[in-house]
Amino acid sequence: MTDAAAGPPRDPQAPQEAQYPQDPAAAQPMVQLLDRHGVRRTHPEHEVDLEPEELLALLRDMVLLRRLDTESEALQRQGQLGLWPGSRGQEAAQVGAGRATRRQDQVFPSYRDHGAVLARGIDPLHILSVFRGVDHGGWDPATTGMHPYTLVIAAQMLPAVGYAMGVQRDGAVGTGDAARDSAVITYFGDGATSQGEAAEALNWASVYQAPVVFFCQNNQWAISEPVSRQSPVPLHQRAAGSGMPAVLVDGNDVLAVLAVTRAAMDRARAGGGPTFIEAFTYRMGAHTTSDDPTRYRSAAEVDAWREKDPIDRFRTHLRAEGLLDDEHEAALAAESDAFAERLRAGVREIPDPDPVSMFEHAYAEPHPQVLAERDEFLAAWEQHDEEARELAGGAS
Amino acid sequence: MTDAAAGPPRDPQAPQEAQYPQDPAAAQPMVQLLDRHGVRRTHPEHEVDLEPEELLALLRDMVLLRRLDTESEALQRQGQLGLWPGSRGQEAAQVGAGRATRRQDQVFPSYRDHGAVLARGIDPLHILSVFRGVDHGGWDPATTGMHPYTLVIAAQMLPAVGYAMGVQRDGAVGTGDAARDSAVITYFGDGATSQGEAAEALNWASVYQAPVVFFCQNNQWAISEPVSRQSPVPLHQRAAGSGMPAVLVDGNDVLAVLAVTRAAMDRARAGGGPTFIEAFTYRMGAHTTSDDPTRYRSAAEVDAWREKDPIDRFRTHLRAEGLLDDEHEAALAAESDAFAERLRAGVREIPDPDPVSMFEHAYAEPHPQVLAERDEFLAAWEQHDEEARELAGGAS
Amino acid sequence: MERMAIGKAINAGLRAAMERDPRVLLMGEDIGALGGVFRVTDGLQKDFGEDRVLDTPLAEAGIVGTAIGMALRGYRPVCEIQFNGFVFPAFNQITTQLAKLRARSRGRLSVPVVLRIPSGGGIGSVEHHSESPEALFAHTPGLRVVTPSSSHDAYWMVQQSIASADPVLFLEPERRYWEKGDVDVDLAPGQVAPLHRARVLREGSDATLVAYGPTVRLALDAAAAAAEDGTRLEVVDLRSISPLDVDTVARSVRRTGRLVVVQEAPVFFGAGAEIAARIQESCFYSLEAPVKRVGGYHLPYPAARVEEHYLPTVDRVLDAVEQALAA
Amino acid sequence: MERMAIGKAINAGLRAAMERDPRVLLMGEDIGALGGVFRVTDGLQKDFGEDRVLDTPLAEAGIVGTAIGMALRGYRPVCEIQFNGFVFPAFNQITTQLAKLRARSRGRLSVPVVLRIPSGGGIGSVEHHSESPEALFAHTPGLRVVTPSSSHDAYWMVQQSIASADPVLFLEPERRYWEKGDVDVDLAPGQVAPLHRARVLREGSDATLVAYGPTVRLALDAAAAAAEDGTRLEVVDLRSISPLDVDTVARSVRRTGRLVVVQEAPVFFGAGAEIAARIQESCFYSLEAPVKRVGGYHLPYPAARVEEHYLPTVDRVLDAVEQALAA
Ligand SMILES: Cc1ncc(C[n+]2csc(CCOP(=O)(O)OP(=O)(O)O)c2C)c(N)n1
Ligand SMILES: Cc1ncc(C[n+]2csc(CCOP(=O)(O)OP(=O)(O)O)c2C)c(N)n1
Ligand SMILES: [Mg+2]
Ligand SMILES: [Mg+2]
């Protein structure tokens with residue numbers, strides 16, 4: 001054990017030194033509870049104390065999340081999905097933050113935050129239905145506390161702040177009642193921090209002291225652009241522009257992410273206002289299945305990050321602590337296989353939407369032009385359907 | 001003389017302490033070269049050394065700028081102008097910054113920066129023509145190095161950055177040739193710092209190290225909203241979000257503003273990149289002639305700031321230094337009267353625009369729909385003109 | 001029956017909605033102590049407090065974006081955009097979020113946000129204060145767009161907009177804020193005309209004038225002038241731009257055979273185009289002359305000293321009527 | 001004559017413009033090493049350097065706003081907006097600055113910026129990738145809006161857009177990027193068709209189909225199908241939305257007496273409305289049937305698995321033609 005009072009132990013090869021070369025002095029030290037070799041460190045401010053089952057649950061979440069990624073990529077190749085934005089490499093960030101929310105909290109994700117979705121207990125087939133092109137929304141936001149994915153970069157952030165202002169007005173912060181006090185968390189990427197709306201969101205949250213946590217997954221890339229193209233300084237410094245406290249956390253360390261996010265959510269629920277979290281991580285796969293990362297980044301870079309794989313790190317830790325054994329691994333592998341099987345079978349069974357359903361939800365109340373268009377559509381569809389049937393009949 | 005090494009002399013009643021109560025520790029000390037009693041202080045970093053004529057020219061600029069304000073308000077009351085956004089109280093900020101530009105520099109103002117316009121040698125009647133409703137643009141931007149006023153809050157900032165990126169590409173920075181090295185300065189208010197575009201502009205400038213100076217006049221109010229509504233922290237901290245150096249300067253101290261802005265422009269011209277300047281000042285008048293500030297701020301507040309009047313302060317200083325005497329004051333008063341007389345006479349002579357001219361500049365190249373509309377307009381106009389003349393003829 | 005100016009009527013309508021429903025709240029720049037630049041929210045912060053009447057930071061994307069979030073939490077935010085030319089920073093939130101959240105979530109999310117925008121010109125203002133952006137919103141599926149032309153409609157339509165489960169763009173005819181009219185404040189909900197129903201304000205048999213918002217008064221003036229020459233014009237106030245009450249317009253055109261649409265926005269790609277396209281289709285055999293459009297030119301709104309030449313006038317409306325009658 | 005896909009033709013056009021004029025530069029997200037998500041800028045950063053092909057921060061207002069500044073300094077920036085649904089964060093810069101700077105300065109400022117936007121749907125994509133925002137830009141005075149439908153036009157029109165002193169929205173038909181066609185790269189400037197001239201692609205006497213961008217191919221397919229039944233359809237490719245070459249369309253309609261406009265954007269307040277309004281006016285006595293419009297519905301663009309039902313199809317075009325012929 002190192003001396004906590006002396007500050008966090010610094011691994012000389014810790015990624016922050018390697019990754020913020022532009023202005024290392026400006027970067028705050030990165031919170032780590034597991035060093036890159038999986039050795040548990042303590043931290044003077046950020047700690048978690050988990051039961052063995054809780055630790056194993058984190059591993060399970062990460063393993064299933066990775067499996068979701070692997071299966072979905074395969075499903076995309078088979079034409080079952082139109083597109084897949086992978087989360088490989090970001091499992092610790094997404095699972096750690098996901099596990100920091102409570103039932104009554106509200107989550108505003110981006111489009112790659114599958115771990116955040118799973119953490120809300122949502123059936124992953126809802127995610128697949130979005131990327132299969134069946135649906136823009138997926139799960140039910142009302143019952144899950146999970147807003148739909150937002151594809152317009154940074155556009156979910158201001159609504160998240162507004163939602164948090166609503167929470168404030170409902171008196172659901174600072175009551176001390178753990179089942180009532182609520183917070184909002186919004187996920188976004190490194191690229192998103194360049195959008196004006198992101199800056200507005202940080203500022204509003206700060207002005208109104210809204211109970212919202214800004215969870216930035218700095219995965220080093222916005223499609224083909226490195227984070228240095230977005231900002232000359234570490235991203236957690238964005239928060240300084242509106243005086244918001246910010247934390248830099250090792251995004252490949254699930255314990256550190258959980259600790260930091262929990263603390264920020266607790267602070268928000270208690271009425272302490274917003275926090276910015278930069279989770280320093282890496283997108284190990286392509287941006288999406290449409291992307292070709294070999295055009296813009298080196299295999300060496302990817303290899304270097306593979307060394308920091310968040311699942312391997314955590315697994316090593318659990319093994320070293322004697323919490324994980326072969327039997328447990330086997331059970332987890334079986335669970336993962338069953339999970340994958342469900343995905344593969346389930347995705348094929350997602351029914352195609354009824355075309356006429358597109359007319360149903362544009363407006364809550366009738367819009368005569370839409371109604372007229374629906375009638376036209378139906379008439380034409382029936383007619384051409386009939387023609388098609390006749391044609392088919394004639395041919396048979 | 002105080003000891004420069006000990007840092008800038010601190011007046012215990014200096015405005016920054018009174019005005020950033022939310023987080024005084026976060027505010028950097030405000031650069032001052034004249035204390036509020038007009039006593040010259042030195043500053044370890046920011047200095048100017050001006051000839052007596054240069055000092056007197058600054059006074060003259062400020063006096064004429066204030067006169068422009070007084071006359072324009074009167075002209076608006078008389079119906080000669082549609083609207084007037086006054087600059088009273090901000091003379092030191094605008095004149096100090098205005099005098100820091102060189103011929104080859106480019107200025108992107110907001111809509112209240114009359115001092116910046118005068119500093120470019122532009123006839124103030126051009127400003128009046130905008131607020132008379134004759135013209136949206138006023139002066140010739142090509143020959144004056146002065147972009148038109150921008151009324152959409154913060155919208156001039158990104159174009160200013162782009163212009164500076166053009167300057168970079170022209171190789172007009174860092175050559176060491178004083179007649180060639182160029183920079184851009186953009187003016188905006190405290191309210192403008194809340195706009196997403198403002199944040200984008202700061203970030204872009206920082207990413208590309210563009211030669212641009214962001215000159216924020218924090219006049220404490222955005223119409224009826226105090227600066228605390230825009231930001232929980234001092235505005236110069238906005239720059240921290242993109243790692244840009246920032247300076248807080250007493251905006252009612254013309255020497256300090258000149259020193260700080262000159263240094264920033266020099267740095268930009270030399271290739272040192274962008275700077276954010278917060279000029280801490282006060283809008284002594286209404287937002288515009290349409291505004292009623294008694295609805296939202298106290299007379300006591302205005303009175304307190306009147307004590308800090310930038311012109312009085314500078315005048316006291318010049319008197320104390322023996323640079324200003326009654327004779328010079330009389331000459332200045334006469335110049336100011338003549339200036340006012342020119343404004344009054346000139347504004348009435350600004351010709352109303354030829355209505356058909358509105359069709360001339362929407363497009364550089366012909367647009368058939370616009371041409372057709374112009375023809376229709378002309379035909380109808382001639383017809384109705386004729387009718388009106390006949391009517392008038394019949395009646396006479 | 002109470003007599004009040006249009007601006008006051010909106011104020012009274014907001015007050016009534018806020019009294020009725022504690023979830024209604026107002027957001028915008030300078031809407032608190034100042035009461036808004038047009039004083040439309042005058043006195044409301046004093047009476048309902050800063051938690052329900054929010055002076056916001058100067059950021060329109062922020063206003064609309066956070067209003068969406070509040071609506072998702074169950075509130076009914078009414079946002080004031082200070083002037084028509086300043087809605088554009090919020091365009092991304094309006095088009096990609098506000099307009100789509102219901103469809104995107106298959107009806108599971110409601111975003112009952114009202115955006116109040118002073119609209120149109122004619123007040124001798126500086127740039128960006130005189131525009132008529134309705135077509136941009138009408139072309140955006142998921143939004144509703146309405147505009148009152150009288151105090152009575154202003155009072156009721158703002159309340160109906162707030163009550164709507166869909167997002168509504170509520171365009172306020174800037175140069176009519178001070179025009180007074182009678183408001184029947186005592187109507188029962190069922191007695192108020194439906195929000196999206198057009199209204200025939202004046203009957204006539206020779207031609208139909210369709211107008212909305214600030215041009216309704218102009219159309220009525222033109223009809224009065226034409227009457228002096230014996231031409232009887234029917235005047236229809238659209239009241240709603242999306243949806244469009246085409247039936248009411250078509251019924252009128254079937255009787256008059258002639259149609260002139262009057263708007264302040266540029267004619268090119270404006271509301272008149274949609275109306276003309278629909279009427280030439282639904283009234284093909286009744287139309288005795290092509291549908292005419294009178295409106296702004298395809299130019300950025302000009303400086304105040306020429307705006308009278310840019311905006312439609314009684315003369316221009318009557319010229320179009322004359323052409324329609326001559327065809 | 002060279003054979004290339006539309007995307008490649010744009011790439012070649014950009015290259016030609018950059019070689020000709022050192023002031024031409026490209027800005028956008030992922031346009032450098034990646035060559036853009038559609039590879040339209042492939043290889044250009046390698047050949048022209050990072051100073052002329054800028055990978056920008058992820059901020060569309062930033063892209064357009066700084067492009068304006070560069071244009072003011074004498075450069076000719078060509079911006080890529082990655083997808084149609086992502087142009088909205090830049091809307092304020094486009095409408096209040098880009099479109100107006102010339103008018104505002106009485107012609108003293110020029111902002112020759114080109115915004116390239118992949119437009120339209122049909123590629124099975126996720127949300128916000130399939131929209132057709134042309135009407136919003138066409139209604140904004142000060143902008144020009146064009147869209148090529150063939151490789152030849154793509155190659156030349158992008159160069160003409162860059163050469164224009166006015167800002168041009170250059171909409172690229174997303175689902176046609178890979179369609180190949182012949183490009184006559186050796187034309188002298190005077191031989192290239194004017195940027196804003198519509199073109200009759202197929203002659204016919206029974207009815208006119210007007211289309212632009214991605215629907216041109218559809219109109220041609222519909223005309224081919226109709227020909228099998230003996231119906232001769234004329235097909236006009238608009239090429240330019242603002243300005244509109246109404247004369248070419250009117251000339252055709254005067255001969256055929258019937259008009260169907262085909263677009264991907266929602267019909268309500270779309271380009272078809274403006275065309276219908278103008279044609280019913282200029283061809284009132286030649287029209288034998290009302291102008292028909294076929295296009296997207298007034299709904300947020302739906303999920304990929306239903307988009308084929310949202311987009312106009314040959315069947316829907318032929319239905320409209322049939323109705324026009326029956327009238
Ligand atoms: C407003 C907007 N502009 C452009 C895009 C296209 N786009 C999709 S993802 C992406 C990169 C996002 O990078 P980042 O924010 O770092 O998130 P990550 O993909 O790394 O999770 C871009 C440019 C978009 N979706 N929205
Ligand atoms: C985008 C936009 N929103 C709203 C307005 C209306 N408006 C004009 S001035 C102003 C306040 C500006 O405050 P600040 O930036 O501090 O500048 P100051 O007027 O104090 O010089 C507002 C809200 C505007 N012009 N542009
Ligand atoms: Mg990223
Ligand atoms: Mg201010």
Side-chain angles (χ1 to χ4, degrees), chain A residues 82-83 85 111 129-137 149-155 189-198 222-225 229-231 287-288 290-293 295-297 352-359 361-363 367 369-370 373-374 376-377 379-381 383-384 387, chain D residues 28-39 42 50 54-63 65 82-83 85-86 88-90 92-93 123-129 266-269 294-310 313-316 318-320 323:
Chain A
L83 187 81
Y111 47 80
S129 102
V130 171
F131 293 104
R132 188 174 170 85
V134 165
D135 189 326
H136 289 322
Y149 278 168
T150 297
L151 272 62
V152 182
I153 297 294
D190 41 289
T193 67
S194 293
Q195 286 283 6
E197 285 193 11
I223 309 188
S224 72
E225 301 193 7
R229 178 71 1 204
Q230 309 296 339
S231 172
H287 170 68
T288 66
S290 300
D291 182 36
D292 174 8
R295 283 183 164 245
Y296 55 79
R297 68 183 190 187
D352 269 1
D354 177 2
V356 79
S357 71
M358 68 181 162
F359 290 96
H361 302 301
Y363 291 93
H367 187 296
Q369 274 77 49
V370 173
E373 288 178 348
R374 193 197 51 185
E376 258 174 51
F377 169 81
W381 200 32
Q383 186 198 322
H384 292 298
E387 283 168 20
Chain D
E29 295 155 9
D30 307 295
I31 66 169
L34 188 66
V37 289
F38 288 110
R39 307 289 183 268
D42 196 24
E50 294 191 12
L54 286 79
D55 268 331
T56 66
L58 208 176
E60 287 78 10
I63 294 172
Q82 199 164 81
F83 281 96
F86 308 139
F88 300 109
N92 184 48
Q93 283 293 324
I123 60 166
S125 200
V126 286
E127 234 186 329
H128 312 291
H129 291 65
V267 160
F268 194 58
F269 278 75
V294 178
Y297 300 114
H298 193 61
L299 308 172
Y301 198 92
R305 297 228 161 198
V306 277
E307 71 177 337
E308 61 171 313
H309 295 280
Y310 180 86
T313 56
V314 167
D315 277 341
R316 282 175 63 201
L318 292 179
D319 285 351
Q323 286 170 38

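Because only heavy atoms are used, hydrogens play no part in the values below, and waters and symmetry mates are left out as well, while side chains stay in. Sequence lines set the chain letters: A, B, ... in the order given, protein chains first and strands last, and positions in each chain run from 1.
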## Note on the structure
Turns out that what part of A:Gln383 lies under 4.5 Å from chain D's heavy atoms comes down to side chain
### Message
Could you go through A:Arg295 and D:Asp42, starting from their C-alpha distance and side-chain angles, then the distance that decides it, and tell me whether this counts as salt bridge (charged side-chain N to carboxylate O under 4.0 Å, His left out)?
### Response
CA-CA 11 Å; A:Arg295 283 183 164 245; D:Asp42 196 24; 3.0 Å; yes
### Query
Between A:Ala222, A:Ala198, A:Pro293, A:Ser194, which residue shows the highest count of heavy-atom pairs closer than 4.5 Å to chain D?
A:Ser194
#### Entry: Whether A:Gln230 side chain and D:Pro57 backbone form a donor-acceptor pair below 3.5 Å
no
### Query
In terms of heavy-atom pairs under 4.5 Å with chain D, which of A:Asp354, A:Val130, A:Asp190, A:Val134 leads?
A:Val134
### Query
What distance separates A:Arg229 CZ from D:Asp55 CG, expressed to the nearest 0.5 Å?
6.5 Å
### Task
Return yes if some donor-acceptor pair links the side-chain N/O of A:His136 with the main-chain N/O of D:Tyr301 below 3.5 Å, else return no.
yes
### Task
Specify which of A:Pro355, A:Gly191, A:Ala362, A:Ala380 makes the most heavy-atom pairs with chain D at under 4.5 Å.
A:Pro355
### Segment of A:Asp292 engaging chain D (4.5 angstrom heavy-atom cut-off)
both
### Message
Report which part of A:Arg374 has an atom under 4.5 Å of a heavy atom belonging to chain D: side chain, backbone, both, or neither.
### Response
neither
### Engaged part of D:Asp30 at the chain A interface, taking heavy atoms whose separation is under 4.5 Å
both
### Message
Heavy-atom cut-off 4.5 Å, strictly under: side chain, backbone, both or neither for D:Glu308 against chain A?
### Response
neither
### Query
Between A:Tyr111 and chain D, which part of the residue has a heavy atom less than 4.5 Å away: side chain, backbone, both or neither?
neither
### Task
Using non-hydrogen atoms and a 4.5 Å limit, figure out which bit of D:His128 sits close to chain A: side chain, backbone, both or neither.
side chain
### Message
Tell me which of these, A:Ala192, A:Ser290, A:Ala155, A:Pro353, has more heavy-atom pairs under 4.5 Å with chain D than the rest.
### Response
A:Pro353
### Task
Identify which part of A:His361 has an atom lying under 4.5 Å from any heavy atom of chain D, answering side chain, backbone, both or neither.
neither
### Task
Answer with side chain, backbone, both or neither: which region of A:Asp352 has an atom nearer than 4.5 Å to a non-hydrogen atom of chain D?
side chain
#### Entry: Atom pair CG/CZ of D:Leu34 and A:Arg297 - distance to nearest 0.5 Å
12.0 Å
### Query
Between D:Glu60, D:Arg316, D:Glu127, which residue shows the highest count of heavy-atom pairs closer than 4.5 Å to chain A?
D:Glu127
### Query
Relative to chain D, which segment of A:Gln369 carries a heavy atom at a distance below 4.5 Å: side chain, backbone, both, or neither?
side chain
### Structural part of A:Leu151 lying under 4.5 Å from a heavy atom of chain D
both
### Query
Does D:His129 have any ring pair (Phe, Tyr, Trp, His ring centres under 6.0 Å) partners at least two apart in sequence or in another chain, and if so, which?
D:Phe83, D:Phe86
### Query
Looking only at heavy atoms, what is the nearest atom pair of A:Ile223 and D:Gln82, with distance?
CD1-OE1, 3.4 Å
## Note on the structure
Under 4.5 Å to a heavy atom of chain D? For A:Val370 that would be side chain
### Query
Looking at A:Glu376, A:Met358, A:His367, which one has more heavy-atom pairs under 4.5 Å with chain D than the rest?
A:Met358
